[in-house]
Amino acid sequence: MTDGDNSRNFITEIIDEHNENGRFNEVVRTRFPPEPNGYLHIGHAKSICLNFGIAERYGGLCNLRFDDTNPAKEEQEYIDAITEDLRWLGYDWDDRLYFASDYFDELYEMAVDLIRIGRAYVDELSPDEIREYRGTLTEAGRESPYRNRPVEENLALFQKMRDGGFKEGEAVLRAKIDMTSGNINLRDPVMYRILDAAHPRTGDKWKIYPMYDFAHGQSDSIEGITHSICTLEYEDHRPLYDWYLDNIEIFHPQQIEFARLNVSHTVLSKRKLIRLVQEGYVRGWDDPRMPTISGLRRRGYSPEAIREFCDDIGVGKVKGVVALHKLEYHLRRRLNKTSNRVMAVINPLKVVIENYPDDQVEEMEAVNNPEDESAGTRKVPFSKVLYIERDDFMEDPPRKFFRLAPGREVRLRYAYFITCADVIKDDNGEIIELRCVYDPETRGGSAPDGRRVKATLHWVSAQHAIQAEARLYDTLFTVENPDSDRNRDFTSFINPDSLRVVNPIYVEPHLRNALAGDRYQFERLAYFVVDPDSTAEELVFNRTVTLRDQWRKDQKKAKKPRRKKRRQRRPAP
RNA sequence: AGGGAAGUAGCUCAAUCGGCAGAGCAGGCGCCUUUGGAGCGCAAGGUUAAAGGUUCGAGUCCUUUCUUCCCUGCCA
């Protein structure tokens, strides 16, 4: 659970067994191996927490290794972003930063060795022909006519591939395994292909690049990785992973597969995230609605919340979807402990305290964080004209509405009890102002005669408040599982109200010096974080997540009557 | 002539290798409160996918069936 340490799972069971039978001499070494072709997202966070967490738990080490074997897709920008996100999450790999491309020379020698022992050959079939020869899921493949070339010829041809004697697509190096295998990965998989692209790290040194399968296991082996943890779709690749290591005869790590994370109301495939960015549904990879680490960071998530979430969901082999609620639970839990409280009004309603002296200003003392005494207190100016939240007043309140109403007394937080004396409307009947009276005896918020009020409202002083912009976010998608519908593109489920900008909102003057990244709780409303778009003239706040709100929940229930347990079932086939 | 994997509460996971099926979240109902926040309490939630078998005893072992997911890139 949230402690992370004592939770057991099928992976720790495997490792415990290895430790008992001495397979790795009780050494545990893991790695996090991203391909630098996109940004890290919450799904990667699970893998990161897992790999670094397992290593830490067993007193081992976790390496960072970029899997950069396909220069056509990879860029330095992504390497930098991934590194930054990992550090922000709080992980450290000391000097153990590696690249698969560091091993290109060794990998090449391993390939030559496989040719020498007759287990690899240069194939000059075209890509289309290779596909055709491969067979199908239910039919065996056929052997390439080039499959039985003599070793010397293969050696010369592979050298020619390396030297640029072939163009892209004209030749590949293949492992000679079994064209009739039920596992298609074993039907003479391609080891090396020719790629006419500059590599971010090796430049134009290489014309040929190893495939993932030929690079990954050996890279693990070279680094002394004991447990190579990856996602379920590589289960079919494990026999190939093992085959290369066995035939090259080098140190043999154990590949272990787990179920990747899915979160409701979002998508986590790189292909789809990139579409969101490129087709303009969001402003960029770090848009606060994105499930990327940089998006979550900008949204106001704390690294601890993400890590605690990952610990909580555990690890298994069952593919499922974790409710967004779960992530938000950990987010609120964390933010509640660490965020300073502040008063801000998003939808203002003017309140004039009729019996308060015109020019008087009082400094009210407010607690910064009731969960953390060391956060101290601050002063909040109070005066005759205030703003309160429009939702905090109803002229004709329903039964369970405890807030302000005509004739009713409520508390202004840290200030006074006030009673609504009059409601002022414009020509359209719109409420534009409340006239209230205050009880001077209730300064600080409690009455000497011990009388109670049912509600406490937040407020700002109109003449002291500073104006700011609020960006109110909702889920990017309107449905739990945007990519589960085979007949509809996921973009058709995009929530048209995923961003609502409110400008101005009114915040207490204490916030004047807030810096980008500072997190606050706007009391009774939500957690907010200062966005980097903020300027010296105007602060911009991103709503991270709302507070839980029983009143609003009850309202929703009242609106949707008797919809009881009727959950949607999947459509009939 | 297909191969691989997974099915335990609405969701995510447990169940000390055969011994009373438990947690967290969500949902429900209360209490409390200078945030309708936070906090606290209570109840509910299960034919362990199904059937058969072994056993004193099966979520766990065996057999069969069903359902779902992954695999036919010179991507990772």
Side-chain angles (χ1 to χ4, degrees), chain A residues 1-2 7-9 13 33-35 37 67-70 72-74 123 125-127 130-132 134-141 168-174 180-187 189-195 208-209 211-213 215-216 230-239 257 259 261 264 270 312-323 325-330 332-333 336-337 341 343 367 370-371 400-403 411-415 444-446 452-458 480 521-526 546-554 565 567:
Chain A
M1 294 222 351
T2 332
S7 66
R8 318 193 45 71
N9 56 57
E13 251 168 56
E35 185 191 14
N37 69 342
D67 231 330
D68 57 346
T69 55
N70 185 358
K73 288 187 169 182
E74 296 152 7
D123 197 353
L125 250 26
S126 71
I130 286 184
R131 186 179 344 107
E132 193 188 319
R134 186 159 33 229
T136 68
L137 293 177
T138 52
E139 289 165 40
E168 264 190 45
E170 286 183 345
V172 291
L173 184 70
R174 291 231 251 171
T180 67
S181 173
N183 182 344
I184 290 171
N185 294 120
L186 262 20
R187 318 240 263 232
V190 172
M191 294 163 58
Y192 269 92
R193 79 288 213 188
I194 295 159
L195 248 31
I208 56 173
Y209 292 91
M211 299 285 288
Y212 164 87
D213 286 304
H216 203 91
C230 59
T231 47
L232 249 26
E233 64 268 30
Y234 291 102
E235 281 174 327
D236 283 346
H237 293 245
R238 181 155 26 93
E257 309 86 12
L261 171 67
S264 74
K270 229 171 246 182
D312 188 17
I313 57 176
V315 48
K317 296 186 81 122
V318 187
K319 297 181 191 191
V321 182
V322 176
H325 275 134
K326 190 94 169 175
L327 220 202
E328 292 184 337
Y329 164 79
H330 286 281
R332 289 191 182 101
R333 201 170 99 92
N336 178 45
K337 297 278 185 243
R341 275 59 168 171
M343 292 197 283
V367 174
E371 303 287 322
K400 290 191 96 177
F401 184 88
F402 302 139
R403 288 118 93 154
R411 171 170 37 238
L412 294 179
R413 182 141 230 235
Y414 301 122
S446 55
R452 319 281 290 225
V453 289
K454 290 211 91 164
T456 302
L457 310 187
H458 61 275
E480 281 182 25
Q521 184 197 105
F522 288 4
E523 291 214 53
R524 302 208 306 131
L525 295 175
T546 60
L547 263 29
R548 291 177 70 235
D549 183 346
Q550 193 57 49
W551 166 250
R552 191 172 39 196
K553 239 164 53 177
D554 291 346
K565 289 267 125 130
R567 296 215 126 258

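Letters A, B, ... are given to chains in the order of the sequence lines, protein chains preceding strands, and every chain is numbered from 1. Scope of the values below: all heavy atoms of this structure, side chains included, with no hydrogens, waters or symmetry mates.
When the P atom of C70(B) is taken as reference, atom CG of Leu186(A) falls 21 Å away, rounded to whole Å.
Rounded to a whole angstrom, the distance from the P atom of U47(B) to that of A51(B) is 11 Å.
In this structure, Thr456(A) reaches the sugar-phosphate backbone alone: every heavy-atom distance under 4.0 Å involves primed, P, OP1 or OP2 atoms, never a base. Within 4.0 Å (heavy atoms only), Glu371(A) reaches at least one base atom of the nucleic acid. Here Tyr329(A) lies in heavy-atom contact (under 4.0 Å) with sugar-phosphate atoms only. No engagement by Tyr209(A) is indicated, since no non-hydrogen atom pair under 4.0 Å with the nucleic acid exists. Within 4.0 Å of Val453(A), counting heavy atoms only, lies no atom of the nucleic acid at all.
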Can you pull every protein N or O that's under 3.5 Å from an N or O on nucleotides 13-18 of chain B?
from: C13(B); atom 1: O5'; to: Ile313(A); atom 2: O; distance (Å): 3.4

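Applying the salt bridge (charged side-chain N to carboxylate O under 4.0 Å, His left out) test to Arg131(A) and every residue at least two apart in sequence or in another chain returns Asp128(A). Under the side chain to side chain contact (heavy atoms under 4.5 Å, CB included) criterion, Glu132(A) pairs with Arg142(A), sequence neighbours left out. In terms of the side chain to side chain donor-acceptor pair (under 3.5 Å) criterion, residue partners of Glu257(A) (sequence neighbours excluded) are, by chain and number, Arg238(A), Gln255(A). Remark: Ser446(A) pairs with no residue by the side chain to side chain donor-acceptor pair (under 3.5 Å) rule, at least two apart or across chains. With sequence neighbours excluded, the residues forming a side chain to side chain contact (heavy atoms under 4.5 Å, CB included) with Val453(A) are Glu409(A), Arg411(A), Phe417(A), listed by chain and number. Residues passing the salt bridge (charged side-chain N to carboxylate O under 4.0 Å, His left out) test with Arg332(A), sequence neighbours excluded: none. Annotation: side chain to side chain contact (heavy atoms under 4.5 Å, CB included) contacts of Ile130(A) (sequence neighbours excluded): Asp123(A), Leu125(A), Arg134(A), Val172(A), Arg174(A). Contacts of Leu547(A) classified as side chain to side chain contact (heavy atoms under 4.5 Å, CB included), with partners at least two apart in sequence or in another chain: Gln521(A), Tyr527(A). Listed by chain and number, the residues in a side chain to side chain donor-acceptor pair (under 3.5 Å) with Glu523(A) are Arg413(A) (sequence neighbours excluded).
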Per-nt protein contacts along nucleotides 71-76 of chain B (heavy atom under 4.0 Å; B base, S backbone sugar-phosphate only, - none) come out as BBSBBB

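In terms of phosphate contacts, Arg524(A) brings a side-chain nitrogen or oxygen within less than 4.0 Å of OP1 or OP2 of G36(B). Phosphate contact (OP1/OP2 of A38(B), side-chain N/O of Arg548(A), threshold under 4.0 Å): present. Using a 4.0 Å cut-off, no side-chain N or O of Arg187(A) falls inside it from OP1 or OP2 of G3(B).
In terms of polar N and O atoms assigned as donor or acceptor, the side chain of Lys454(A) never comes within less than 3.5 Å of the base of G36(B) in a complementary pairing. A donor-acceptor contact under 3.5 Å is not formed by the side chain of Arg332(A) with the base of G37(B).
Paired regions of RNA chain B, where each region holds three or more successive Watson-Crick or G-U pairs whose two hydrogen-bonding distances fall under 3.5 Å, are B:2-7 with B:66-71, B:10-13 with B:22-25, B:28-31 with B:39-42, B:49-53 with B:61-65.
Side chains of His330(A) and Ile313(A) form no contact here, defined as non-hydrogen atoms less than 4.5 Å apart. Contact of the Met211(A) side chain with the Pro189(A) side chain is not registered, since no non-hydrogen atoms from C-beta on lie closer than 4.5 Å.
Which of U33(B), C70(B), U35(B) sits closest to the side chain of Lys319(A) comes down to C70(B).
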